[in-house]
Amino acid sequence: MSDIRVRFAPSPTGYLHVGGARTALFNYLFAKSQGGEFVLRVEDTDLERSTEEALKMQIGDLQWLGLDWDEGPNAGTLADEGEYGPYRQSRRQAIYQAIGHFLLKNGKAYFDFRTDEELDTLKKQSADGHSIPRPETLVSYEEGLERVKKGEQGAVRLINSFEKTFKVNDLVRGDVEFKSDMVGDFVILRSNGMPVYNFCCAIDDALMSISHVLRAEEHLSNTLRQLMIYELLEELHKSSDQQKEVLGFFQSSDFMGFVKDKLEKVHTGAKPSEEDFKKSEESLKKFFASDFVLPQFGHMSLILGPDKQKLSKRHGATSCNEYHTTGFLPDALINYISLLGWSHPDEKDIFKFEELVKIFSISRVNKSPAVFDEEKLSWVNSQHIKELDNQSLWQEVLPWLEGVIDTDSVNEAWVNAAMETYKTRMDKLSDAKELFAPMNDQSFAIDGAAQDALSWDSTKDVFATWIAELKTRDKEYLTADDFSEMQDAVKEKAGVKGKFLFMPIRVAIIGKPHGAELKELVPLIPTKSLIQRAETALAAL
RNA sequence: GUCCCCUUCGUCUAGAGGCCCAGGACAUCACCCUUUCACGGUGAAGACACGGGUUCGACUCCCGUAGGGGACGCCA
């Protein structure tokens, strides 16, 4: 069994962002290229912004991309699957509370009852304008707990030693050092009782035996805080007395009552169930029973917008869902995104997902930020479209053809022929809409761009002879050979050649002067329709 | 402001001291293919941020400067 366990930990506040998708992808690739496990954990401790809908959207996006997880919420039912659950932080509350209060009780953390206003003033008075000094005297755990129970607003801050230097060997950045005075006594439990990101993130990574934490560079400085928590956790892991103390909180009905009361007040949505509490306790026990794992960190550079700022909504399409709904192939998005900060060992630009999984290596991930280029994405997409076989492409294109043509009445040969002529003309699947519109008699119309061809003196003759030729053919569909005979006949009878011949005919077929080759177009449209169209064109003169 | 990170063509990148007066891809331009439009092919233009070291030799190592980014939240 492999010891590699990685996780993707989104907070469900909207659709999956392309940056998030790349983080998920690299985690997935890292795990899968080495036979490791990929877990999905939901970081929904920000009750205001996290929603169930958003969770479903994120899950849908991950699935669309094909980034399947080994553990985490089930994609359909959202029920936990795996040995290390619960996988949603909102349901792991008891763990954070027990550890938080353990730290409180042991003088590693303290209740801070200062108000926002007081804190603001202190910040302003500080030398650098934003640090918050530790209070002169700290309230005891007992006193603090009493006050909190009475409804006073108190956050819990971790005591910072201010004198350690933490060193990490970052998988992508190499050796990085953090001095603990980079941060102050940071909050681990908000005054509403909810834990803060850095606290639960470190706890969960530890309890879930996560071996490698691959995330975006913006989290680099968070590593310090998480390392501090890891240090405390390691100490806890070593001491059976301390373990007992933490587990004791779960046994205390007084404490659990306090926690549930807190949760009752803040949780608007689903609260952790008794089952979740039990599983949380199990999770802690499992942690104590297994080896302590300090993960290796890897911080990938950011994805930037064209203005070199962190990619965000104001840059346009940034969610995977938007690319999904505008006709991008998931493999193409994966392909393109993988190239942001990573490169193929053979300098290839186009490759399949399966190949990527085989060939991915974290050592080829680079440190510099990358600008997201929609034009290249588009090209990558067109390449993937071209490489699809006709039937698969047809399946992909089908949703866009709804209401454009009658997709039920076509046969396999038609599909093959149509895909063959159109696959080189699509950058996006949605382009099929416009491409196929002229296939439908109802939506056939003479395009404005055809004016030039309609103005030629010879055009009328071409239309007339073309119609006459069509009428001599008594077949439902014509072939490319039929067309070349007809083309010769029209050329001779109307006495025109070159563009004066072909452009008008194309106008009489699809209403546009430009497009696919006529000998490919003609077999796709019933002869009856061709006649009708040509007559419409003639009438438009 | 403080701390941290980054810096090769417009963009994504290759490059781990001589293979590099720097290679590939997108975009751009030209030509070819072609009845048109696409596709495809060929080619052109286009970069080592700057300054100091180290070295016989630096895109590659070190130090500075400049620029960009990130973090400094009871967001994640």
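Letters A, B, ... mirror the listed sequences (proteins, then strands); counts begin at 1. All heavy atoms count here, side chains included; hydrogens, waters and symmetry mates do not.
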task: Determine the contact category for A9(A): base if any of its heavy atoms lies under 4.0 Å from a base atom, sugar-phosphate if only primed atoms, P, OP1 or OP2 are that close, otherwise nothing.
output: nothing
message: Counting the atoms with a prime plus P, OP1 and OP2 as sugar-phosphate, which does L377(A) contact under 4.0 Å by heavy atoms, base, sugar-phosphate, or nothing?
response: nothing
- request: Report which part of the nucleic acid L220(A) touches: base, sugar-phosphate, or nothing (heavy-atom distance under 4.0 Å, all strands).
  value: sugar-phosphate
query: Just checking G341(A): base, sugar-phosphate only, or nothing, at a heavy-atom cut-off of under 4.0 Å?
result: sugar-phosphate
- request: Report yes if at least one side-chain N or O of R364(A) is closer than 4.0 Å to OP1 or OP2 of G15(B); otherwise report no.
  value: yes
message: Taking 4.0 Å as the cut-off, does a side-chain nitrogen or oxygen of K519(A) come that near to OP1 or OP2 on U35(B)?
response: no
Base-pairing mate for U28(B) - Watson-Crick or G-U, with both contacts under 3.5 Å: A44(B)
- prompt: When all nucleic acid strands are considered with a 4.0 Å heavy-atom cut-off, which category describes S368(A): base, sugar-phosphate, or nothing?
  reply: sugar-phosphate
query: Okay, side chain of T121(A), backbone of E117(A): is any donor-acceptor separation there less than 3.5 Å?
result: yes
- request: Please determine, for the side chain of R173(A), which listed nucleotide (U11(B), C5(B), C74(B)) has the closest atom?
  value: C5(B)
task: Report yes or no: does D44(A) contribute a side-chain atom to a donor-acceptor pair with the main-chain N or O of S11(A) at less than 3.5 Å?
output: no
message: So if I take every side-chain heavy atom of T45(A) and compare against C26(B), A76(B), U35(B), which nucleotide ends up nearest?
response: A76(B)
message: So E375(A), base contact, sugar-phosphate only, or nothing? Heavy-atom distance under 4.0 Å.
response: sugar-phosphate
query: Just by distance, do the side chain of W69(A) and the backbone of P73(A) share a donor-acceptor pair under 3.5 Å?
result: yes
task: Please confirm whether the backbone N or O of Q153(A) pairs with a side-chain atom of S191(A), one donor and one acceptor, at under 3.5 Å?
output: no
message: Would the distance check show the side chain of R7(A) and the main-chain N or O of R41(A) forming a donor-acceptor pair, the cut-off being under 3.5 Å?
response: no
query: C39(B) and C29(B): how far apart are their P atoms, nearest whole angstrom?
result: 13 Å
- request: Remember a base hit wins even if backbone is also touched, and classify H299(A) as base, sugar-phosphate or nothing at under 4.0 Å, heavy atoms.
  value: nothing
Got a list of side-chain donor-acceptor pairs under 3.5 Å for residues 499-513 of chain A, not counting sequence neighbours?
from    : atom 1 : to      : atom 2 : distance (Å)
R506(A) : NE     : A516(A) : O      : 3.2
R506(A) : NH1    : P513(A) : O      : 3.2
R506(A) : NH2    : A516(A) : O      : 3.2

message: Under 4.0 Å, heavy atoms only, any strand: does K497(A) hit a base, just the sugar-phosphate, or nothing?
response: nothing
- prompt: Reckon Q383(A) touches a base, only the sugar-phosphate, or nothing at all at heavy-atom distances under 4.0 Å?
  reply: sugar-phosphate
query: Can a donor-acceptor pair under 3.5 Å be found between the side-chain atoms of K376(A) and the base atoms of A25(B)?
result: yes
query: Using purine N1 to pyrimidine N3 plus N6-O4 or O6-N4 for Watson-Crick, or N1-O2 and O6-N3 for G-U wobble, each under 3.5 Å, what pairs with C33(B)?
result: none
- request: Taking only the side-chain nitrogens and oxygens of K367(A), find out if one of them lies under 4.0 Å from OP1 or OP2 of C6(B).
  value: yes
task: Mind checking A155(A) for me? I need base, sugar-phosphate or nothing, with any heavy atom below 4.0 Å counting as a touch.
output: base
message: Taking C63(B) as the reference, what is the distance to A44(B) when you measure between their C1' atoms (whole Å, please)?
response: 40 Å
- request: Would you indicate what K386(A) reaches in the nucleic acid, counting non-hydrogen atoms under 4.0 angstrom: base, sugar-phosphate, or nothing?
  value: sugar-phosphate
- request: Go through C74(B), G23(B), G70(B) for me and flag the one nearest to the E347(A) side chain.
  value: G23(B)
field: N/O (side chain, K308(A)) to phosphate O (OP1/OP2, U11(B)) under 4.0 Å
entry: yes
message: Using the side-chain heavy atoms of D116(A), tell me which of these nucleotides is nearest: A71(B), C74(B), U7(B).
response: C74(B)
